[in-house]
Novice: 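This is the structure I want to talk about, given as structure tokens.
Proteins come first, then strands; the chains are lettered A, B, ... in the order of their sequence lines, and each starts at number 1. Because the structure is a prediction, the values reported are computed rather than measured.
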Protein chains: 2
Amino acid sequence: MAGDLSAKQHLSEKQQDILRFLEEFISEHDYPPSIRDIQTGCDISSTSVVDYNLKRLEEKGYIRRDREVSRAIELLDGQGERRRRSTVQVPVLGKIAAGIPLPVHPDQMAPEEVLDLTEDTVPNRPGLYALRVQGMSMIDALINDGDTVILEPRNSADPGEVVAAWIKDREETTLKKYYPEGARVRLQPMNASMDPIYEDADNVEVQGRLVATLRSF
Amino acid sequence: MAGDLSAKQHLSEKQQDILRFLEEFISEHDYPPSIRDIQTGCDISSTSVVDYNLKRLEEKGYIRRDREVSRAIELLDGQGERRRRSTVQVPVLGKIAAGIPLPVHPDQMAPEEVLDLTEDTVPNRPGLYALRVQGMSMIDALINDGDTVILEPRNSADPGEVVAAWIKDREETTLKKYYPEGARVRLQPMNASMDPIYEDADNVEVQGRLVATLRSF
DNA sequence: CAAAGCCCGGCACATATGTTCTGTTCGGAA
DNA sequence: TTCCGAACAGAACATATGTGCCGGGCTTTG
């Protein structure tokens, strides 16, 4: 028990109780409880006891408080890191299938739905949007029917980035790794066992960069 | 303008300003601002003006307030639905590669990292854990090197579910659709163009159910 | 033009809420 | 025992914060 460096510092039962209550309250209300909310919620006899234990929790890196500010409690992870990362709202602009181009002006479209994602899922960049994949035309990009792809609007790409490319003469959008090679472009499937295709640079139009893919079951 | 059921109701510039400030403040502090915070943050002359516009925002379904409670503002989506879904903490328990079994007792392992995910990414079920995929042995499940898989601990599965199955005599974990067929089990790759494999039921051990996969670029 | 309604300013008020002070209780150390 | 610090009780205090009221400018409507 002693000298256990990596272990969480000891929390009294009351402190664990408070921590649980904080989580529950916040997830229910979207704002933190007041000291008296905690008092009644955890059956504690006095506000000073709550305050006392909150101070201990703050010392141990489980919460952060702003003095004099009501309900100013942030949940931390026990090592002083913020636990509740901010979320990013990503509009779902529609479906994508082989032969259907991506939306050209994502900003102007009315989203049919908005995804709430954390930065553990997608990096927070401006203009991100999502599309539902319909059909299996992108199986060579390891993307299946029903998956969701997150894209960042782009007109060009650096070599090696995964892009949504509109191939003009085929009238088709494809997701591939992008390698410009002089007058032509090599488009490499994500599945390393598959062969690349080559197109004239004129024939390829970068429409966006692939940022993430999601699949739920 | 009248009778437009689906459209968002008109928001004054000041109201949009307040809404933006709310988002910004909450994502920065993890707790909502007070009326006076909004006042100074949006350069509004009086608390009553803030209050007035908050009332309008509440009527229009963009926020919800609890009366008499300080900082009790929840963000809604304009149709009365909660916008800030609660997040789920999913521990990353390690890597997975061909030939490496899944952790048997996920609860007891110390996570090397914790993912913060919304319910738009994974359903909130107890015991979820994540693994980083190493190597391309799961390419037939449309899962690539570097992907993250989210699993739910399970000892059995319903037909058609995607499971992590330990195949004893091969000493290998595989992700496939699970179809029990009498004394044997059909394991169907997720890529519909690939053929299923068949194993004796005795030789297959369900270790978990695949809940989601994530890929970032 | 008057009446009505929307939006705003300024201010005082009530209360919601964090803080602090004084004690008390309980174990373990000296 | 005595001493001391951690944890707890209870209450008073100070301020942070939501609310109500009154009035004014502005537009709309008749």
Novice: Stepwise, does the salt bridge (charged side-chain N to carboxylate O under 4.0 Å, His left out) test hold for B:R20 with B:E23?
Specialist: CA-CA 5 Å; B:R20 277 193 293 101; B:E23 282 183 48; over 6 Å; no

Novice: Who pairs with A:D51 by salt bridge (Lys or Arg N to Asp or Glu O under 4.0 Å), at least two apart in sequence or on another chain?
Specialist: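 So A:D51 forms a salt bridge (Lys or Arg N to Asp or Glu O under 4.0 Å) with A:K55, A:R65.
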
Novice: Are B:R65 and D:dT19 close enough that a side-chain N or O sits under 4.0 Å from OP1 or OP2?
Specialist: yes

Novice: Taking atom types as they are modelled, is there a donor-acceptor pair under 3.5 Å from the base of C:dG18 to the side chain of A:S70?
Specialist: no

Novice: Round to the nearest Å and state the distance from B:Q39 atom CD to C:dG10 atom C1'.
Specialist: 10 Å

Novice: If you measure from CG on B:N53 to CD on B:E58, what distance do you get to the nearest 0.5 Å?
Specialist: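 Nearest 0.5 Å value for the CG-CD distance: 13.0 Å.
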
Novice: For B:P33 and B:I26, which heavy atoms make the closest approach, and how far apart are they?
Specialist: CD-CG1, 4.4 Å

Novice: Heavy atoms within less than 4.0 Å of DNA chain D: which residues of residues 48-55 of chain A have one? Give them sorted by number.
Specialist: A:S48, A:V49, A:Y52, A:N53

Novice: Applying ring-ring contact (aromatic ring centres under 6.0 Å, His included), can you list everything that pairs with B:F21, at least two apart in sequence or on another chain?
Specialist: B:F25

Novice: With a 3.5 Å cut-off and sequence neighbours excluded, list the donor-acceptor pairs that the side chains of residues 148-155 of chain B form with protein atoms.
Specialist:
from   : atom 1 : to     : atom 2 : distance (Å)
B:T148 : OG1    : B:R132 : NH1    : 2.8
B:E152 : OE1    : B:R209 : NE     : 3.1
B:R154 : NH1    : B:S156 : O      : 3.4
B:R154 : NH1    : B:E161 : OE1    : 3.3

Novice: Extract from the structure each pairing of a protein N or O with an N or O of nucleotides 12-15 of chain D at less than 3.5 Å, listing the distance.
Specialist:
none

Novice: Tell me which pairs pass salt bridge (Lys or Arg N to Asp or Glu O under 4.0 Å) where either residue lies in residues 34-49 of chain A, with sequence neighbours left out.
Specialist: A:D37-A:R71

Novice: In whole angstrom, what separates A:I44's CD1 from D:dC8's C1'?
Specialist: 10 Å

Novice: Does D:dT17 have OP1 or OP2 sitting under 4.0 Å from an N or O in the side chain of B:R71?
Specialist: yes

